[in-house]
Number of protein chains: 2
Amino acid sequence: MKGRPREFDADEALDCALEVFWRKGYEGASLSELTEAMGINRPSLYAAFGNKEELFRKALDRYAEGPAAYTREALNAPTAKSVAERLLQGAAEALTHPDYPPGCLGVHGALSCGEAAESIRDELGSRRAAYEVSLRQRFERAKMEGDLSADADCADLARLVTTVAQGMAVQAAGGATRQDLRRVAEMMLRAWPG
Amino acid sequence: MKGRPREFDADEALDCALEVFWRKGYEGASLSELTEAMGINRPSLYAAFGNKEELFRKALDRYAEGPAAYTREALNAPTAKSVAERLLQGAAEALTHPDYPPGCLGVHGALSCGEAAESIRDELGSRRAAYEVSLRQRFERAKMEGDLSADADCADLARLVTTVAQGMAVQAAGGATRQDLRRVAEMMLRAWPG
DNA sequence: ACAATTCCATACCTATCGATACAAATAGTA
DNA sequence: TACTATTTGTATCGATAGGTATGGAATTGT
């Protein structure tokens, strides 16, 4: 390994980029804002992350493993209802976390790109679809394990939960408080089948 | 009335602009796309509508009175549950209407603007907030009229319904079908209190 | 000590953004 | 016809977008 070592930490810079994308969306985040927030200059960004689109994808991975990890972890809850509860209450917390911008990077980014960033929108759409599938499969397992009524439609139920979570993301972006979202989650769970 | 008459119909042009904003969001819609869709050129647009922001506001008014009129009309339904039903089922239809872009102009536009268009976001936010208030007041009236249980929290209920509607808008923008959204609305209504 | 390699910084590229200046064209009025 | 008011088309403005070329500074292995 020869050559001059880089003077910044790639993960820290990626976290800063994530926050900018989170606040402004994909197209709303300019390279000048990104480089300023990351503390590096343009050529360093391109050398380390490729281009804006690759940077966004890497920030997205980091988002999924960090601030949005609750979505994956919720699937490990013991029953169908507890899965929904951990997902929706986790959303209420995460979408209004004081250390991060309000709202959801995925929802924010998906709706805020013109046709130039179509590949970004497709990427986010397929990620959401994949999550909805895994949620449906989790509910099917719950049905077999007996903690979800046999006549429930798992696909519809998964779509309902993701729809509410996405609506909560819109609410958070619009200024809803943590308490507001907790109540939405609670009312939704009170109506849980079975 | 002196001077050369304009060669285009202002309302038709506004409808075309509305559709472009609807598909691309506020910042995602460029003036070139707008003028091309409207069939006029740039100075004519500025002479007739002021600037991009004023054009968007006028398109927003036209949206509220046209494709999104169901939100206001739903408030006239006889009972609280029928109000929610008309709103959510109306959303399922409107958000997937074949003659219009999928999704909701308000949700799309609010999440897809950087800080440059902060006034646009505030405008959309206050419109949503105003609607949520009118929905709450409608529920309070329903409580007095006896078709909503006395222990229901009208503010929470209004927020829940708008949250689901906004989530449906995100789902529609992501490609959900009309049938998908109808089922979401139906499941939500099945859990209606009282 | 030297050369290879890598990084950082300035300055610049082309394309596009929203917004306008200007003059030709079209109408009503006298 | 002369005059005025308004629209329309072209051409362009300054600002900013994403993305690079270039050159010097810094750190490594030999």
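All values derive from a computational prediction rather than experimental measurement. We name chains A, B, ... by the order of the sequence lines, and we start the count at 1 in each one.
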Note to self: Working note: A:V184 + B:L160, criterion side chain to side chain contact (heavy atoms under 4.5 Å, CB included); need CA distance, chi angles, decisive distance, verdict.
What the structure shows: CA-CA 5 Å; A:V184 168; B:L160 176 64; 3.8 Å; yes

Note to self: Does A:E132 form a salt bridge (charged side-chain N to carboxylate O under 4.0 Å, His left out) with A:R136? I'd like the steps, not just the answer.
What the structure shows: CA-CA 6 Å; A:E132 205 171 295; A:R136 190 200 69 203; over 6 Å; no

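Residues from residues 44-58 of chain B that place a heavy atom under 4.0 Å from any atom of DNA chain D, listed by number: B:S44.
Taking both residues in full, the closest heavy atoms of B:E53 and B:S119 are given as OE2-OG, 2.8 Å, listed atom of the first, atom of the second, then distance.
A:L31 places its CG atom 12 Å from the C1' atom of D:dT20, with the value rounded to the nearest Å. Rounded to whole angstrom, the span from the NZ atom of A:K24 across to the P atom of D:dG18 amounts to 12 Å. Distance, B:E27 CD to D:dG18 P: 12 Å, rounded to whole Å. As a whole-Å value, the separation of B:L34 CG from C:dA19 C1' is 13 Å. Between the P atom of C:dT6 and the CZ atom of A:F8 lies a distance of 15 Å, rounded to the nearest Å.
Just one of B:K52, B:R42, B:K24 meets the salt bridge (Lys or Arg N to Asp or Glu O under 4.0 Å) condition when paired with B:E33; it is B:K24. For the side-chain contact (heavy atoms from CB on, under 4.5 Å) test with A:V83, the passing option among A:V161, A:N76, A:L88, A:L135 is A:L135; the others fail.
Ring orientation note: the planes of B:Y26 and B:F21 are close to parallel, at an angle under 30° on the 30°/60° scale.
For the pair B:R127 and B:E123, the salt-bridge criterion is met [side-chain N within less than 4.0 Å of a carboxylate O].
Between B:R183 atom CZ and A:D156 atom CG the span is 5.0 Å, to the nearest 0.5 Å.
For B:P43, the side-chain atoms get nearest to D:dT10 when compared with the rest of C:dG18, D:dT10, D:dA17.
Heavy atoms from other residues, nucleotides or ligands lying under 6.0 Å from CD of B:E36 number 12 at most.
OP1 or OP2 of D:dA17 sits under 4.0 Å from a side-chain N or O of A:S32. Close to C:dC8, at under 4.0 Å from its OP1 or OP2, lies no side-chain N or O of A:N41.
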N/O-N/O pairs, protein side and nucleotides 24-26 of chain D side, under 3.5 Å:
{"from": "D:dA25", "atom 1": "N3", "to": "A:R4", "atom 2": "NH1", "distance (Å)": "3.4"}
{"from": "D:dA26", "atom 1": "O4'", "to": "A:R4", "atom 2": "NH1", "distance (Å)": "3.4"}

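For a distance-only test at 3.5 Å, the side chain of B:R42 qualifies as a donor-acceptor partner of the base of C:dG18.
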